[in-house]
Enquirer: 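Let me give you the structure first, and then I'll get to my questions.
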Amino acid sequence: MTGTEFNFFSGPAMLPPEVLERAREGLINFNSSGMSVMEISHRSDAFLAVLRSAEQRLRSLLYIPGNYRVFFLQGGASMQFSMVPMNFLTSGGAADYVVTGTWGAKAFKRASEIGAAKVINVRSDDGFTTVPLQEELGFSADARYVHYVSNETIDGVEFRYDLDGFGVPVVCDASSNILSRQIDIDKYSLIYAGAQKNIGPSGVTVVIIRDDFLETAHRGQGVLNYRSFAGNDSMPNTPNTWGVYMIDLVCEWLQNEGGVEAIEKRNAAKADLLYSAIDNSDGFYSGTAEPAARSRMNVTFRLQSEEKEAEFCVAAEKAGLVGLRGHRSVGGIRASIYNAFPVEGVEKLINYMDEFAQTNR
Ligand code: PMP
């Protein structure tokens with residue numbers, strides 16, 4: 001974001017303006033080398049330093065201990081939907097899936113193509129509006145892992161707790177809320193996240209995997225095997241070097257902002273402001289998720305009709321509020337307010353919502 005617009009896109013999403021400024025230098029003349037960071041070998045010392053720095057910053061921000069590996073993959077979070085079962089389900093057993101939204105349903109579908117996958121939570125009839133309580137979940141006796149999506153980007157539904165597998169390895173798609181709140185990393189065997197919401201640009205996926213789980217990965221399949229990332233400086237082939245560079249800059253920015261602890265407070269405040277505006281609109285706006293499962297990253301709500309929603313988005317764009325249209329599969333309005341999104345943008349949206357409600361009641 002460089003102009004007066006506020007960017008509510010769900011991903012790729014806005015990046016911190018300071019990061020874009022820094023990236024401008026790296027794009028043309030990286031560390032005074034006379035070359036772009038995109039023009040240097042991924043095996044060069046200069047790039048290795050970037051890779052190590054990005055990894056270290058992630059480790060420090062999320063308190064990732066030494067018995068976890070951090071990898072930068074390509075193929076998006078969608079590739080992880082297939083790669084997880086390819087690595088952990090092909091040798092038998094079952095996989096438990098907690099499905100609380102569109103992305104979890106996709107992940108489950110991919111796993112079903114590969115092995116015995118099972119949905120273990122009860123889904124309500126009126127779409128995805130909630131998440132189960134930990135005590136409502138029971139795992140299969142032969143479960144190789146349990147998979148869930150900590151924040152459902154399309155449906156605006158988020159877990160407020162770290163799921164406990166009670167011995168079953170937990171695999172989490174944290175694409176749209178990684179680095180937005182503190183997590184208890186020890187609860188997870190594998191966390192993956194497409195970068196394009198909270199960590200950087202599209203085209204790079206962060207995978208955090210515990211050593212003992214990695215050891216159990218099925219062999220073969222080249223770069224589709226997590227084990228292939230364990231040697232060769234975590235690079236079995238050429239990574240998205242620009243993406244890794246951007247992750248390093250975004251993580252540096254977040255460290256300077258006070259880390260995950262500080263951004264979590266800001267995210268809670270931003271989301272509270274917006275949900276209060278929805279709840280205090282006398283029914284003009286209605287939130288789609290149950291209050292206890294409301295996402296702090298993707299605030300989804302509806303107006304009385306699709307026509308009004310369309311008008312709302314068109315006029316919002318004219319007012320400099322961009323990217324508010326809900327995902328095409330569910331409609332409605334979605335305000336994505338990731339780490340980099342400023343509170344001023346939320347305030348401007350709330351003012352706009354007030355005015356729109358007053359003139360359209
Ligand atoms: N999981 C979640 C939670 C997402 O929000 C998305 C979409 N951004 C995906 C998976 C798919 O990501 P990608 O387009 O990077 O494959």
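Both counts, for ligands and for their atoms, begin at 1 and track the order of listing. Owing to the predicted nature of the structure, the values given are computational and were not obtained by experimental measurement. Throughout, residue positions are numbered sequentially from 1 according to the sequence presented.
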Enquirer: Which protein heavy atom lies closest to atom 16 (O) of ligand 1, and at what distance to 0.1 Å?
Expert: Ser78 OG, 2.6 Å
Enquirer: Taking only non-hydrogen atoms of Gly76, do any sit less than 4.0 angstrom from ligand 1?
Expert: yes
Enquirer: In the protein, which heavy atom is nearest to atom 8 (N) of ligand 1, and how far is it?
Expert: Lys197 NZ, 2.6 Å
Enquirer: Keeping Glu158 on the side-chain end and Arg296 on the backbone end, is there a donor-acceptor pair under 3.5 Å?
Expert: yes
Enquirer: How close does the nearest protein non-hydrogen atom get to atom 6 (C) of ligand 1, and which residue and atom is it?
Expert: Trp103 CE2, 3.3 Å
Enquirer: Consider ligand 1: state whether an atom of it lies below 4.0 angstrom from any non-hydrogen atom of Asn151.
Expert: yes
Enquirer: Tell me whether Tyr161 contacts the main-chain N or O of Gln134 through its side chain, where contact means a donor paired with an acceptor under 3.5 Å.
Expert: yes
Enquirer: Go through the side-chain N and O atoms of Asp155 and Thr300 and say whether any donor and acceptor fall under 3.5 Å apart.
Expert: no
Enquirer: Under 4.0 Å from a heavy atom of Phe81: which atoms of ligand 1 are those, numbered in the order shown and with their elements?
Expert: 1 (N), 10 (C)
Enquirer: Kindly say whether Ala77 contributes a backbone atom to a donor-acceptor pair with the side chain of Asp173 at under 3.5 angstrom?
Expert: no
Enquirer: Once you round to the nearest 0.5 Å, how far does CZ of Phe72 lie from CZ of Phe229?
Expert: 11.5 Å
Enquirer: How does Glu152 reach ligand 1, by side chain, by backbone, by both or by neither, if only non-hydrogen atoms under 4.0 Å count?
Expert: neither
Enquirer: Could a heavy atom of Gln196 be found less than 4.0 Å from some atom of ligand 1?
Expert: yes
Enquirer: Which residue holds the protein heavy atom closest to atom 1 (N) of ligand 1, what is that atom called, and what is the gap in Å?
Expert: Asp173 OD2, 2.6 Å
Enquirer: Test your reading of the structure: does Ala77 have an N or O sitting under 3.5 Å from an N or O of ligand 1?
Expert: yes
Enquirer: Heavy-atom contacts with Val149 under 4.0 Å: which atoms of ligand 1 show up? List them by number with element.
Expert: 3 (C)
Enquirer: Just by distance, do the side chain of Lys270 and the backbone of Tyr338 share a donor-acceptor pair under 3.5 Å?
Expert: yes
Enquirer: Tell me if a side-chain donor or acceptor on Arg59 pairs with a main-chain N or O of Tyr68 at a distance below 3.5 Å.
Expert: yes
Enquirer: Is there a heavy atom in Gln80 that sits closer than 4.0 Å to ligand 1?
Expert: no
Enquirer: What do you reckon, does Thr153 have a nitrogen or oxygen under 3.5 Å from a nitrogen or oxygen of ligand 1?
Expert: yes
Enquirer: Side chains of Asn198 and Asn177: any donor to acceptor distance under 3.5 Å?
Expert: no
Enquirer: Would you please say whether a donor-acceptor pair under 3.5 Å links the side chains of Ser33 and Asn31?
Expert: no
